[in-house]
Amino acid sequence: MKRLSMTYTVASLMDNTNPEIYKISSEREITQTELSDDVEDEFDSWEVFDILRSIKDPEHPLTLEELNVVDKSLIQVDNKNNSISIQFTPTVPHCSLATLIGLSIRVKLVRSLPPRFKVDVKINPGSHVSEIAVNKQLNDKERVAAALENFDLLRTVNKCLEER
């Protein structure tokens with residue numbers, strides 16, 4: 001009987017071996033009013049984008065901003081109703097790490113924002129072949145809680161959230 005060799009290179013396991021890299025946005029200017037504890041300012045899409053822009057892609061040594069996975073124009077903040085909606089765009093329509101990226105976005109926001117906010121994380125419509133299934137997983141509290149109980153998965157999420 002002939003034995004098959006199962007040798008893989010890291011590149012052969014990647015969904016997107018040569019991603020397009022985008023220019024990062026300039027840092028937003030923080031005003032004295034925003035720094036003042038005496039002034040109550042509302043959250044806006046720039047602030048939320050600043051929270052998300054440095055999340056690392058699980059497959060590449062790049063940020064979600066550099067890969068254009070997160071974009072300020074796809075962030076909606078409703079301070080009146082305490083809700084934030086994020087749409088993200090995987091680099092390829094068949095990205096197997098889309099759920100992990102969405103989970104990293106959700107965890108980063110939950111850890112960074114006041115608890116009054118309801119966070120909704122979804123794939124940008126039409127940008128992924130399993131968009132409906134991934135969106136369902138990312139916005140189901142029980143599924144998210146169960147995923148974060150998995151030590152290896154939590155470690156991977158935390159690695160994505162580490163600062164450079």
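These figures come from a predicted structure and were not determined experimentally.
Annotation: side chain of Asp57 is not in contact with side chain of Thr63 (no heavy-atom distance under 4.5 Å). Considering only heavy atoms from C-beta on, Thr89 stays 4.5 Å or farther from Asn68 through its side chain. Side-chain contact between Glu131 and Pro125 is present, with at least one heavy-atom pair separated by less than 4.5 Å. Between Asn135 and Ile123, some side-chain heavy-atom pair lies under the 4.5 Å cut-off. Under the 4.5 Å side-chain criterion, counting only non-hydrogen atoms from C-beta, Asp71 is not in contact with Asn124. Between Ile55 and Phe88 there is no side-chain heavy-atom pair separated by less than 4.5 Å.
From Asp78, atom CG reaches atom OG of Ser83 across 4.0 Å, with rounding to the nearest 0.5 Å. To the nearest 0.5 angstrom, Glu47 atom CD is 11.0 Å from Ile75 atom CD1. The CG atom of Asn81 lies 11.0 Å from the CZ atom of Arg116; values are rounded to the nearest 0.5 Å. Note: Ser96 OG to His128 NE2 = 7.5 Å, rounded to the nearest 0.5 Å. Distance check, rounded to the nearest 0.5 Å: CG of Leu64 to CZ of Arg53 gives 12.0 Å.
Listed for the Asn79 side chain is a donor-acceptor partner under 3.5 Å among the backbone atoms of Phe43. Distance alone, capped at 3.5 Å, places no donor-acceptor pair between the Gln137 side chain and the Val134 backbone.
The minimum heavy-atom distance linking Lys72 with Phe49 is given by the pair N-CD1, 3.7 Å. Across Val77 and Ser45, no two heavy atoms sit closer than the pair CG2-N, 3.8 Å. Between Glu163 and Lys56 the shortest heavy-atom distance is O-NZ, 4.1 Å. When all heavy atoms are compared, the tightest approach of Ser104 to Leu161 is O-CD2, 3.6 Å.
Within 6.0 Å of NZ on Lys108 lie more than 12 heavy atoms contributed by other residues, nucleotides or ligands. Annotation for Leu154: atom CG counts as buried by contact number, over 12 foreign heavy atoms lying within 6.0 Å.
When the side chains of ILVMFWY residues are joined at heavy-atom separations under 4.5 Å, either directly or via intervening members, Leu74 and Phe117 end up in two distinct hydrophobic clusters. Residues Ile105 and Val144 are members of one and the same hydrophobic cluster, defined by side-chain heavy-atom contacts under 4.5 angstrom among Ile, Leu, Val, Met, Phe, Trp and Tyr. Both Leu153 and Ile101 are members of a single hydrophobic cluster when ILVMFWY side chains are connected at heavy-atom separations under 4.5 Å.
When each of Val157, Leu103, Leu100 is tested with Pro58 by the rule side chain to side chain contact (heavy atoms under 4.5 Å, CB included), just one qualifies, namely Leu100.
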*Under the side chain to side chain contact (heavy atoms under 4.5 Å, CB included) criterion, do Arg111 and Val107 qualify, and how do the steps go?*
CA-CA 6 Å; Arg111 290 179 182 174; Val107 169; 3.3 Å; yes
*asked:* The test is side chain to side chain contact (heavy atoms under 4.5 Å, CB included); show your working for Val92 and Cys95 and say whether it passes.
replied: CA-CA 5 Å; Val92 291; Cys95 177; 3.9 Å; yes
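For Val119, the side-chain contact (heavy atoms from CB on, under 4.5 Å) partners are Arg106, Leu109, Leu113, Val121, not counting sequence neighbours.
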